[in-house]
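Heavy-atom basis, side chains included; hydrogens, waters and symmetry copies ignored. Quick note on labels: first sequence line is chain A, next is B, and so on, each numbered from 1.
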2 protein chains.
Amino acid sequence: MTNELEEYIKSYFGIVELDELKRISSFFELQSIKKGEFYLKEGSQSNELSFVQSGLMRIYADLEDKEVTQWISSKGYFITDLSSFVFGSPSRWSIHALEDSEVYTISKENYNRIGEVVPTWHQLEKLFIVRCFSVMEDRIFSHLSMTADERYSMFFESNKELFNQVPLKYIASMLGMTPETFSRVRKRHLI
Amino acid sequence: MTNELEEYIKSYFGIVELDELKRISSFFELQSIKKGEFYLKEGSQSNELSFVQSGLMRIYADLEDKEVTQWISSKGYFITDLSSFVFGSPSRWSIHALEDSEVYTISKENYNRIGEVVPTWHQLEKLFIVRCFSVMEDRIFSHLSMTADERYSMFFESNKELFNQVPLKYIASMLGMTPETFSRVRKRHLI
DNA sequence: TTAAACACTTGACATTTATCAAGGAATTAA
DNA sequence: TTAATTCCTTGATAAATGTCAAGTGTTTAA
């Protein structure tokens with residue numbers, strides 16, 4: 001039998017050999033993060049990568065005059081500043097829990113060891129990151145070609161639940177609009 | 001001695017072994033693309049990946065009412081629809097030459113063979129894509145936190161040459177503004 | 001339990017950006 | 001070389017979005 005983490009690994013990386021799955025998943029540790037607690041602070045180095053098992057984590061940056069939410073990770077998404085995790089650069093984002101959360105965490109040391117366990121790991125992980133890259137391309141495209149209203153609709157259609165789970169101002173920021181604009185767009189959609 | 005393509009490979013992927021460099025670069029073929037010609041058409045599958053050696057290539061999408069420029073690739077940048085190239089999905093972008101260009105092209109078949117030549121290839125390539133991902137994150141951030149004016153300044157500072165090389169409307173689109181807004185922002189900056 | 005803090009909405013207004021239309025300069029094609 | 005096309009700019013105006021301030025309901029913390 002496989003547990004939920006192993007199901008993620010299977011679906012994200014296409015690993016199906018049970019012993020490989022087990023050995024990879026053994027590198028991860030389930031970690032609890034209380035609402036409001038930080039997983040990562042801007043400027044520090046990210047030494048871990050995690051998959052969200054339950055709860056909600058917000059990835060954001062603090063500017064002088066405002067806070068910008070880059071992403072909200074729910075069950076199944078990964079969290080880290082990838083660039084910081086991989087290259088050791090200072091993290092550009094902070095990550096904190098919007099509610100009590102559980103995440104499967106792997107240290108950088110163990111992460112670097114996966115390749116020894118699964119010969120095809122780097123290849124599989126590459127495919128995973130290509131998918132992430134592609135999502136980012138689409139997201140940029142949405143900013144080049146859509147209005148706030150259209151970005152709202154599009155995001156709402158694929159993430160309805162989230163609108164009842166987190167302060168809407170965070171979704172507003174993530175979509176590149178103010179809470180006031182978000183509120184007005186939302187009203188139009190509710191009517 | 002190494003040629004320019006080998007220098008790219010060296011700097012992007014960190015490969016330093018001369019024989020490895022030579023064997024990888026032998027997979028690439030120099031290809032000429034005349035101004036206005038297409039490298040890739042939206043909807044088709046991308047079976048090649050290329051590095052621009054000279055000239056300028058524009059990556060864009062055609063919408064009903066407008067055209068959206070996603071990126072302009074100059075010397076050293078790669079071109080392809082990565083998701084299409086890797087997964088075989090239909091390309092979301094068209095790519096054409098803004099001027100007579102030369103690109104080093106690798107076919108999907110040979111690309112898939114690099115791993116056999118260089119054992120660490122997938123790992124190195126993964127790092128390359130993580131950097132690309134990171135660039136995309138920053139670009140999204142610029143849309144969440146900056147005005148048209150600020151995006152202009154930021155891009156101008158790192159890409160001054162481009163402003164004399166391509167129709168400015170393409171840069172405008174790539175930065176998410178109309179040519180008129182671009183023109184006005186530009187005027188303010190020239191004064 | 002109460003006070004404070006937060007989240008959301010709404011209105012009035014300001015600012016930014018887009019749209020439309022016109023004209024001049026530069027480039028391309030006949 | 002000339003005509004046509006494209007590119008860029010500019011002005012007038014419209015539309016989208018942001019800002020500020022107030023008010024209400026909800027959540028949090030003392």
- Query: Between Tyr39(A) and His96(A), does the ring centroid distance fall short of 6.0 Å?
  - Reply: no
- Remember a base hit wins even if backbone is also touched, and classify Lys66(B) as base, sugar-phosphate or nothing at under 4.0 Å, heavy atoms. nothing
- Whole angstrom value for the distance that separates C1' of dT19(C) from CE of Met177(B): 16 Å
- Side chain of Thr147(B) only, please: which of dC8(C), dT19(D), dT17(C) is the nearest? dT17(C)
- Query: So which nucleotide from dT9(D), dC8(C), dG18(D) ends up closest to the side chain of Pro167(A)?
  - Reply: dC8(C)
- So among Phe51(B), Tyr8(B), Trp71(B), which one has a ring pair (Phe, Tyr, Trp, His ring centres under 6.0 Å) with Tyr77(B)? Trp71(B)
- Taking the side chain of Arg184(A) as heavy atoms from C-beta outward, which of dT17(D), dT10(D), dT19(D) is closest to it? dT19(D)
- Lys187(A), nearest nucleotide to its side chain (from dT10(D), dT10(C), dG18(D)): dT10(C)
- Query: Got a donor-acceptor contact below 3.5 angstrom from the Glu42(A) side chain to the Ser91(A) backbone?
  - Reply: no
- Given atom OH of Tyr170(B) and atom P of dC8(D), what is their separation to the nearest angstrom? 9 Å
- Query: dA26(C) P sits how many Å from Lys169(B) NZ, rounded?
  - Reply: 17 Å
- Starting at CG of Leu124(B), measure out to CD1 of Ile129(B) and round the result to the nearest 0.5 Å. 11.5 Å
- Roughly, in whole Å, what's the span from CD in Gln165(A) to C1' in dT26(D)? 18 Å
- Note on the structure: Rounded to whole Å, the CG-C1' distance (Leu168(A) to dT26(D)) equals 13 Å
- Integer-rounded Å distance: dT27(C) C1' and Leu98(B) CG: 15 Å
- Query: Can you tell me if the side-chain N/O atoms of Thr178(B) get under 4.0 Å from OP1 or OP2 in dT17(C)?
  - Reply: no
- Message: I want to check one thing: is the phosphate of dT9(C), taken as OP1 and OP2, less than 4.0 Å away from some side-chain N or O of Ser183(A)?
- Response: yes
- Item | Backbone of Ser84(A) reached by a side-chain donor or acceptor of Asp81(A) within 3.5 Å | yes
- Whole angstrom value for the distance that separates P of dC20(D) from CG of Asp65(A): 10 Å
- Measure from CD on Glu67(B) to C1' on dT6(D) and round the result to the nearest Å. 13 Å
- Item | hbond_proxy Glu180(A) side chain to dC8(C) base (donor-acceptor, 3.5 Å cutoff) | no
